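Scroll down for the structure; my scribbles are underneath it.
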Amino acid sequence: MSRDRRTDLLATLPRHEAPVVLVDNASADGTVAAVRAARPEVTVLPMRRNVGSYARTVGVEHAGTEFVAFADDDSWWAPGDLARAADLMRAHPRLAVLNARILVGPEERLDPACAEMAGSPLGGSADLPGPALLGFVACGAMVRTEAFLAAGGFDPVVRFPGEEERLSLDLAAAGWGMAYVDSVTVHHHPSTRRHAPEQRRTAIWRSRVLTALMRRPLGEVGRVIVEAVRTGAPERRGRLRALPDVPAALRRRRPVPPAVREQLRVLAESAA
């Protein structure tokens, strides 16, 4: 998915080794026309408005393939690693999400999230190809289409960023596995067209509050809201930004089962 990053897209699209579906979130910079002219082999799906990460769900539905690898307009999978990831997915039928190693920038720094995933306190499992996860980074993930769509994909309530949390909880509740695999790589060269850090913190906390409303016990929802109030001004703004979508979140409310809450407890204790 992309929005108003025409230059980034035109630089990264040639790096993709598999067929590409681009879902454009109502760009105003001529992205759709430019990509259609420069890369006619790319399937372009223009959205009438910015739907955030729900655009990826639209893309997966359109692709209709057994697996879909996500990429942002500033990321791409290393040569040969899409095929390697697909082979691992086929070899591990419970695996719904494979999170690759993500190398950031020309200097290829390991994304800090990958170090956390590699040391996941959830441990390993014989039917997974790496450490078990209860979350992932979308731009470095390959998903099993069947599992992704059955769990609702990315939803139009949370939107972006932080969209991975609700989906991860639903996949775990349905018995699917997620794993970090260090042997496949995604390159991420962050675009210069990015939100300011405070704006991103606000957006993440909006997503966190809405996800809690949809999937956490009420006591935990209260703790998330209190934490937002105490953390800082961007977090408090995130709580307020969530308010218009509270009715939609409550309509989708389905608290996760005890087994998933136990995984959340293990992760929380590890982070403390």
Side-chain angles (χ1 to χ4, degrees), residues 51-54 56-57 60-61 94-99 113 116-117 120-123 125 127-128 131-138 141 143-180 201-231 235-272:
V51 295
S53 60
Y54 181 66
R56 292 197 190 101
T57 304
V60 172
E61 290 174 336
R94 192 173 72 88
L95 183 64
V97 179
L98 181 154
N99 203 120
E116 292 182 17
M117 289 187 283
S120 170
L122 300 178
S125 174
D127 61 355
L128 295 177
L133 305 175
L134 192 59
F136 61 97
V137 180
V143 299
R144 188 179 302 273
T145 298
E146 172 195 1
F148 177 85
L149 294 178
F154 295 119
D155 64 71
V157 177
V158 174
R159 293 194 290 276
F160 180 84
E163 67 274 18
E164 300 94 341
E165 182 182 5
R166 195 280 308 155
L167 175 58
S168 298
L169 293 174
D170 285 358
L171 287 169
W176 290 101
M178 293 159 275
Y180 175 67
R201 282 164 55 193
T202 293
I204 286 173
W205 274 88
R206 173 194 168 276
S207 297
R208 191 167 293 175
V209 168
L210 292 170
T211 299
L213 281 169
M214 285 193 280
R215 296 295 180 263
R216 300 291 192 101
L218 290 177
E220 293 183 18
V221 174
R223 284 194 287 274
V224 169
I225 292 172
V226 168
E227 187 180 355
V229 171
R230 290 177 175 174
T231 301
E235 291 75 14
R236 289 193 291 272
R237 285 195 294 272
R239 177 180 57 102
L240 294 175
R241 295 270 178 87
L243 288 176
D245 292 290
V246 165
L250 290 175
R251 285 194 297 271
R252 292 168 175 256
R253 180 169 171 76
R254 190 173 66 252
V256 295
V260 178
R261 292 204 298 272
E262 174 61 17
Q263 292 184 61
L264 288 167
R265 184 193 63 77
V266 170
L267 291 174
E269 289 186 354
S270 174

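Numbering starts at 1 and runs along the sequence shown. None of the values given here were measured: they were computed from a predicted structure.
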### Query
What are the two closest heavy atoms between Ala141 and Val97, and how far apart are they?
CB-CG1, 4.0 Å
#### Entry: Closest contact, heavy atoms only, Thr211 versus Val158
OG1-CG2, 3.6 Å
### Query
Would a distance-only check, ignoring hydrogens and angles, find a side-chain to backbone donor-acceptor pair under 3.5 Å from Ser120 to Ala132?
yes
### Task
For the pair Leu171 and Arg144, evaluate side-chain contact (heavy atoms from CB on, under 4.5 Å) and give the outcome as yes or no after the intermediate values.
CA-CA 11 Å; Leu171 287 169; Arg144 188 179 302 273; over 6 Å; no
### Close side-chain approach of Val260 to Pro257, heavy-atom, < 4.5 Å
yes
### Message
Considering only residues two or more places apart or on different chains, which pairs with a residue in residues 236-248 satisfy side chain to side chain donor-acceptor pair (under 3.5 Å)?
### Response
Arg159-Asp245, Arg206-Asp245
### Message
Whether Arg265 and Glu220 form a salt bridge (side-chain N of Lys/Arg under 4.0 Å from carboxylate O of Asp/Glu) is what I want to check.
### Response
no
### Query
To the nearest 0.5 Å, how far apart are CG in Leu134 and CE in Met117?
12.5 Å
### Query
Between Glu146 and Trp176, is any pair of side-chain heavy atoms under 4.5 Å apart?
yes
### Task
Find the distance between CZ (Phe160) and CD1 (Ile204) and round it off to the nearest 0.5 Å.
8.5 Å
### Query
Hey, what's the ring geometry for Phe154 with Phe148, parallel, tilted or perpendicular (30° and 60° as the breaks)?
perpendicular
### Task
Work out which heavy atom in Leu122 is nearest to a heavy atom in Leu133; give both atom names and the distance.
CD1-C, 3.9 Å
### Query
Please walk me through it: do Arg166 and Asp155 pass salt bridge (Lys or Arg N to Asp or Glu O under 4.0 Å)?
CA-CA 9 Å; Arg166 195 280 308 155; Asp155 64 71; 2.9 Å; yes
### Query
Heavy-atom distance under 4.5 Å between the side chains of Met178 and Asn99, does that happen here?
no
### Nearest atoms (heavy-atom pairs only) where Val137 meets Ala113
CG2-CB, 4.0 Å
### Query
Can Glu164 and Arg56 be said to form a salt bridge (Lys or Arg N to Asp or Glu O under 4.0 Å), step by step?
CA-CA 11 Å; Glu164 300 94 341; Arg56 292 197 190 101; 5.4 Å; no
### Distance in Å, Thr57 OG1 paired with Leu149 CG, rounded so as to fall on 0.5 Å steps
7.5 Å
### Task
Nearest 0.5 Å please: distance from the CZ atom of Arg254 over to the CZ atom of Arg215.
4.0 Å
### Message
Surrounding CZ of Arg230 (heavy atoms of other residues, nucleotides or ligands, distance under 6.0 Å), is the total greater than 12?
### Response
no
### Query
Quick one: CZ on Arg216 to CZ on Arg253, what's the gap to the nearest 0.5 Å?
11.0 Å
### Task
Indicate the atoms forming the closest heavy-atom contact of Gly135 with Ser168, along with that distance.
CA-OG, 3.3 Å
### Query
Nearest heavy-atom pair of Gly175 and Arg94: which atoms, and what distance?
O-NH1, 3.2 Å
### Message
I need the Leu169 CG to Leu264 CG distance, nearest 0.5 Å.
### Response
5.5 Å
